[in-house]
Q: 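Take a look at the following structure, please.
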Amino acid sequence: MTPTAAVRPYRPADAPALDDICIRTGHNGRDSRPVYADPAVLPAVFAAPYVHFDPDLAFVLDDGQGQAVGYILGTADTPRFAEAFRAQWLPRFADRYPAPEKAPATLDEVIAGLLHDPERMIVPELAAYPAHLHIDLLPAWQGRGHGRALMRTLWRALRERGVPAVHLVMATANKPARAFYDRMGFHVIEAAGLDPADVTCLGRTTQDTARSGGAGR
């Protein structure tokens, strides 16, 4: 019998797989290894802190044989998360990934700059969307409805915590991801101080509405 992929809660043993997924999808949805000197900086910013601080809001797509091939990670309270990131997470990685002393010259330095600036997550225009998320799937598992299943699982978990809305901040250049988010019912949130040519803010309610149906990531 062919194993069936399914969404399940994150387990600590999944951590290496999550790091790998983040790295293999970290360059606008493509493999970051050819363009980063140390691509491990990506999960240090965008994956590992979420399962450390909010493991109950971490879910994976299991390939049916115990291997995580995709994930959705989130936090219910972005300001709280940013504060914990500054106080508890950044000290673990500050020496390995020092803050750029001038304008970043490489992609590694860009991400290191984000590591050292957790307050960037606190955007006034996003206050009505207190939760935020990151979602990634290995390419072979995209376009089969698994992203939709991951999203709905996180929305349900956030609703159970009384969280009304969620946001994400994505690279504007990642066109396939944007198409997926549009299908999932996200809308653009204009944010002063953020360059729309660089990043796009999207948000939506945590209610599972009919608009989020159809084929997807």
Side-chain angles (χ1 to χ4, degrees), residues 8-23 25-26 32 36 38-60 68 70-100 104 108-136 150-151 153-171 186 189 191 193-194 198-206:
R8 62 165 172 80
Y10 165 81
R11 303 167 185 160
D14 296 320
L18 266 60
D19 287 356
D20 182 61
I21 295 164
C22 185
I23 289 169
T25 60
S32 69
Y36 283 79
D38 183 1
V41 68
L42 291 164
V45 177
F46 299 119
Y50 292 86
V51 298
H52 178 78
F53 291 118
D54 288 287
D56 293 341
L57 291 176
F59 302 92
V60 304
Y71 62 70
I72 192 165
L73 314 172
T75 186
D77 185 335
T78 297
R80 177 200 60 81
F81 180 83
E83 181 179 359
F85 195 111
R86 165 70 64 188
Q88 302 173 43
W89 189 256
L90 178 57
R92 298 181 178 204
F93 293 92
D95 290 340
R96 179 174 176 180
Y97 304 114
D108 293 72
E109 290 182 351
V110 169
I111 305 302
L114 299 180
L115 172 72
H116 286 265
D117 183 23
E119 291 75 23
R120 66 187 159 75
M121 294 184 249
I122 305 173
V123 178
E125 293 88 346
L126 300 177
Y129 305 79
H132 76 263
L133 67 84
H134 294 280
I135 182 171
D136 287 300
L150 285 165
M151 279 284 194
T153 301
L154 179 63
W155 295 342
R156 181 170 60 250
L158 290 170
R159 287 198 306 274
E160 290 172 354
R161 294 188 178 204
V163 180
V166 60
H167 75 268
L168 60 91
V169 180
M170 62 165 290
F186 283 84
I189 303 169
L194 297 179
D198 182 31
V199 296
T200 299
C201 298
L202 302 173
R204 61 153 289 152
T205 174
T206 56

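Reckoned from all heavy atoms, side chains included, excluding hydrogens, waters and symmetry mates. Just so you know, residue 1 is the first one in the sequence shown, and it goes up from there.
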Q: Once side-chain hydrogen bond (donor to acceptor under 3.5 Å, both in side chains) is applied, do any residues pair with E125, and if so which ones, sequence neighbours excluded?
A: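 side-chain hydrogen bond (donor to acceptor under 3.5 Å, both in side chains) check on E125 returns nothing, list empty.
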
Q: For residues D56 and E160, determine if any side-chain heavy atom of one lies less than 4.5 Å from a side-chain heavy atom of the other.
A: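 They are not in side-chain contact.
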
Q: Once salt bridge (Lys or Arg N to Asp or Glu O under 4.0 Å) is applied, do any residues pair with D108, and if so which ones, sequence neighbours excluded?
A: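 Salt bridge (Lys or Arg N to Asp or Glu O under 4.0 Å) check on D108 returns nothing, list empty.
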
Q: With sequence neighbours left out, what residues match R159 under side chain to side chain contact (heavy atoms under 4.5 Å, CB included)?
A: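 Side chain to side chain contact (heavy atoms under 4.5 Å, CB included) list for R159, sorted by chain: W155, R156, T206, Q207, D208.
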
Q: Rounded to the nearest 0.5 Å, how far does CE of M170 lie from CZ of F186?
A: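 The CE atom of M170 is 11.0 Å from CZ of F186, to the nearest 0.5 Å.
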
Q: Are the side chain of W89 and the backbone N or O of A44 linked by a donor-acceptor pair below 3.5 Å?
A: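 Yes: the side chain of W89 pairs with the backbone of A44.
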
Q: Applying the side-chain contact (heavy atoms from CB on, under 4.5 Å) test to C22, which of P39, S32, P43 qualifies?
A: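 Filter result, single survivor: P43.
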
Q: Which atom names give the shortest non-hydrogen contact between A68 and L18, and what distance separates them?
A: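 A68 and L18 have their closest heavy atoms at CB-CD1, 4.2 Å.
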
Q: Nearest 0.5 Å please: distance from the NE2 atom of H132 over to the OG1 atom of T78.
A: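 Reported value, rounded in 0.5 Å steps: 5.0 Å.
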
Q: Pairs in or reaching into residues 8-21: which pass salt bridge (Lys or Arg N to Asp or Glu O under 4.0 Å), with residues at least two apart or in two chains?
A: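 Matches after skipping sequence neighbours: R8-D14, R8-D62, D20-R24.
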
Q: Taking side chain to side chain contact (heavy atoms under 4.5 Å, CB included) as the definition, give me every residue that meets it alongside A58, ordered by chain and number, with sequence neighbours left out.
A: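 Partners of A58 by the side chain to side chain contact (heavy atoms under 4.5 Å, CB included) criterion, ordered by chain and then number, come out as Y10, V51, L73.
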
Q: Is the closest side-chain heavy-atom distance between P9 and P55 below 4.5 Å?
A: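 No. Closest side-chain heavy atoms not under 4.5 Å.
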
Q: Answer whether the closest heavy-atom distance between the side chains of R120 and V169 falls below 4.5 Å.
A: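 A side-chain contact under 4.5 Å is absent here.
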
Q: Taking all atoms of both residues into account, what is the closest heavy-atom pair of A82 and P118, and its distance?
A: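 Between these two residues, the closest heavy atoms are CB-O, 3.6 Å.
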
Q: Applying side-chain hydrogen bond (donor to acceptor under 3.5 Å, both in side chains), name anything that partners R80, two or more places apart in sequence or on another chain.
A: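 R80 satisfies side-chain hydrogen bond (donor to acceptor under 3.5 Å, both in side chains) with D54, T75 once adjacent residues are dropped.
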
Q: What residues, two or more places apart in sequence or in another chain, satisfy side chain to side chain contact (heavy atoms under 4.5 Å, CB included) together with P79?
A: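 If we apply the side chain to side chain contact (heavy atoms under 4.5 Å, CB included) test to P79, skipping adjacent residues, the hits are D77, I122.
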
Q: Under the side-chain hydrogen bond (donor to acceptor under 3.5 Å, both in side chains) rule, collect the residues that match up with H134, sequence neighbours excluded.
A: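 side-chain hydrogen bond (donor to acceptor under 3.5 Å, both in side chains) check on H134 returns Y50.
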
Q: If I compare all heavy atoms of A112 with all of P100, which pair ends up nearest, and what's the gap?
A: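 So the two residues come closest at C-CD, 4.3 Å.
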
Q: When you compare the side chain of T153 with that of I72, does any pair of heavy atoms fall below 4.5 Å?
A: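 The answer is no; the side chains never approach within 4.5 Å.
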
Q: Should Y71 and D136 count as side-chain neighbours, where that means a heavy-atom distance under 4.5 Å?
A: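 Touching, per the 4.5 Å side-chain cut-off.
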
Q: To the nearest 0.5 angstrom, please state how far the CG atom of L168 sits from the CG atom of L133.
A: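 One gets 5.0 Å once the value is rounded to the nearest 0.5 Å.
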
Q: What's the shortest heavy-atom distance between P130 and V163, and which atoms?
A: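 It is CG-CG1, 3.9 Å.
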
Q: Hey, what do you get for CZ (F93) to NE2 (H116), rounding to the nearest 0.5 Å?
A: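 Answer rounded to 0.5 Å: 11.0 Å.
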
Q: Using side-chain heavy atoms (C-beta onward) and a distance below 4.5 Å, is L57 in contact with R161?
A: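 L57 vs R161: side chains touch.
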
Q: Which residue pairs pass the salt bridge (Lys or Arg N to Asp or Glu O under 4.0 Å) test when at least one of the two sits in residues 82-93, sequence neighbours left out?
A: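 Matches after skipping sequence neighbours: R86-E119.
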
Q: Is there a side-chain contact between Y97 and I111 in this structure, where contact means two heavy atoms from C-beta onward sitting under 4.5 Å apart?
A: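 Heavy-atom side-chain distance check fails, nothing below 4.5 Å.
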
Q: Which residue pairs pass the salt bridge (Lys or Arg N to Asp or Glu O under 4.0 Å) test when at least one of the two sits in residues 38-48, sequence neighbours left out?
A: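 Listed once each, the pairs are D38-R96.
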
Q: So which heavy atom on P91 is nearest to which on F85, and how close?
A: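 Closest heavy-atom pair between P91 and F85: CD-O, 4.4 Å.
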
Q: Return the set of residues passing ring-ring contact (aromatic ring centres under 6.0 Å, His included) with Y36 (not counting sequence neighbours), or none when no residue passes.
A: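 By the ring-ring contact (aromatic ring centres under 6.0 Å, His included) rule, Y36 matches no residue at all.
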
Q: Can you list the residues that meet the side-chain hydrogen bond (donor to acceptor under 3.5 Å, both in side chains) rule with Y129, with sequence neighbours excluded?
A: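 Y129 satisfies side-chain hydrogen bond (donor to acceptor under 3.5 Å, both in side chains) with H187 once adjacent residues are dropped.
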
